[in-house]
Amino acid sequence: QAQLVQSGGGSVQPGGSLRLSCAASGGTFIFAHMGWFRQAPGKGREFVAALSRSGGQINYADSVKGRFTISRDDTKNMVYLQMNSLKPEDSAVYYCAVSRQTWPVINTNNYSVWGQGTQVTVSA
């Protein structure tokens with residue numbers, strides 16, 4: 001059964017950086033798009049970034065463009081989210097996810113497998 005296990009996250013001051021990692025197992029993820037979402041308290045889960053199965057297409061939410069970078073290493077079945085210039089409004093639980101639907105995949109219902117979530121807190 002496909003499974004995603006996340007690591008990374010934590011607390012950082014505004015302007016700082018964090019990297020989230022997502023390890024995939026139990027499936028052929030090289031043929032899947034990968035995405036990151038986040039959910040702040042009292043809010044819905046929102047799209048952050050997605051990377052196509054080929055690695056040739058990327059989507060970012062406007063709020064993170066120029067600051068976040070999504071990448072994948074298919075030799076290790078890993079997906080990463082590098083987050084720079086973090087802001088307090090980036091604080092949320094972050095989730096990685098797998099999609100086998102047609103690109104673009106920016107909605108939660110495009111994704112079928114989810115990681116367990118990891119907390120990111122940005123505060124002074």
Side-chain angles (χ1 to χ4, degrees):
Q1 185 174 351
Q3 186 178 15
L4 301 176
V5 177
Q6 297 177 222
S7 60
S11 296
V12 66
Q13 293 186 339
S17 297
L18 286 172
R19 189 175 84 155
L20 305 182
S21 300
C22 177
S25 63
T28 311
F29 296 98
I30 191 172
F31 299 119
H33 308 309
M34 302 298 295
W36 287 95
F37 287 74
R38 67 187 181 186
Q39 187 166 15
K43 296 186 177 181
R45 193 167 297 188
E46 68 171 356
F47 171 75
V48 174
L51 179 59
S52 67
R53 59 174 64 92
S54 68
Q57 294 171 288
I58 299 177
N59 276 337
Y60 291 104
D62 288 342
S63 59
V64 307
K65 280 181 181 176
R67 300 187 299 121
F68 289 13
T69 302
I70 185 172
S71 62
R72 63 192 293 167
D73 184 343
D74 289 331
T75 65
K76 299 179 180 179
N77 275 348
M78 294 292 295
V79 179
Y80 306 98
L81 185 68
Q82 178 66 42
M83 305 183 293
N84 298 328
S85 302
L86 282 161
K87 305 175 181 180
E89 51 264 42
D90 295 318
S91 297
V93 176
Y94 283 71
Y95 298 89
C96 64
V98 174
S99 174
R100 301 185 187 277
Q101 297 189 12
T102 302
W103 187 267
V105 288
I106 61 172
N107 298 308
T108 55
N109 59 11
N110 293 141
Y111 293 79
S112 56
V113 182
W114 293 83
Q116 81 277 17
T118 185
Q119 178 70 48
V120 171
T121 302
V122 185
S123 68

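- Shown here is Gln13, whose CD atom has no more than 12 heavy atoms of other residues, nucleotides or ligands within 6.0 Å.
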Test log, rule side chain to side chain contact (heavy atoms under 4.5 Å, CB included), inputs Leu51 and Val79: CA-CA 9 Å; Leu51 179 59; Val79 179; 5.7 Å; no
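- Among pairs with a residue in residues 38-58, those fulfilling ring pair (Phe, Tyr, Trp, His ring centres under 6.0 Å) read Phe37-Phe47, at least two apart in sequence or across chains.
- Taking all atoms of both residues into account, the shortest heavy-atom contact from Ala92 to Ala40 is CB-N, 3.8 Å.
- Across Ser17 and Asn84, no two heavy atoms sit closer than the pair OG-OD1, 2.9 Å.
- Every residue was checked against the salt bridge (Lys or Arg N to Asp or Glu O under 4.0 Å) condition with Lys76, not counting sequence neighbours, and none meets it.
- The CD1 atom of Ile70 lies 9.5 Å from the OG atom of Ser52; values are rounded to the nearest 0.5 Å.
- Here side-chain hydrogen bond (donor to acceptor under 3.5 Å, both in side chains) pairs that include residues 111-124, with residues two or more places apart or in two chains, are Gln119-Thr121.
- Considering CD1 of Ile58 and CZ of Phe68, their distance stands at 14.5 Å, rounded to 0.5 Å.
- The ring pair (Phe, Tyr, Trp, His ring centres under 6.0 Å) contacts involving residues 75-107 comprise His33-Trp103, where partners must be two or more places apart or lie in separate chains.
- Placement of Val12 and Val64 within a single hydrophobic cluster is found when ILVMFWY residues are connected by side-chain heavy-atom separations under 4.5 Å, directly or transitively.
- Counting all heavy atoms, side chain and backbone alike, Ala49 lies closest to Leu81 at CB-CD1, 4.3 Å.
- Across all their heavy atoms, Asn110 and Ile106 have their closest contact at OD1-N, 3.1 Å.
- Here the side chain of Gln6 pairs a donor or acceptor atom with the backbone of Cys96 at under 3.5 angstrom.
- Val5 and Leu18 sit in two unconnected hydrophobic clusters of ILVMFWY residues. Membership requires side-chain heavy atoms under 4.5 Å apart, directly or through other members.
- Ala23 meets the side chain to side chain contact (heavy atoms under 4.5 Å, CB included) test with Met78; sequence neighbours excluded.
- Between Met34 and Leu4, the closest side-chain pair of non-hydrogen atoms falls below 4.5 Å.
- Remark: Thr69 engages Tyr60, Gln82 in a side chain to side chain contact (heavy atoms under 4.5 Å, CB included) (not counting sequence neighbours).
- The structure places SG of Cys22 at 10.5 Å from CZ of Arg72, a figure rounded to the nearest 0.5 Å.
- The closest side-chain heavy-atom distance from Arg67 to Asp90 is below 4.5 Å.
- Looking at Glu46, its side chain never comes within 3.5 Å of a backbone N or O of Arg38 through a donor-acceptor pair.
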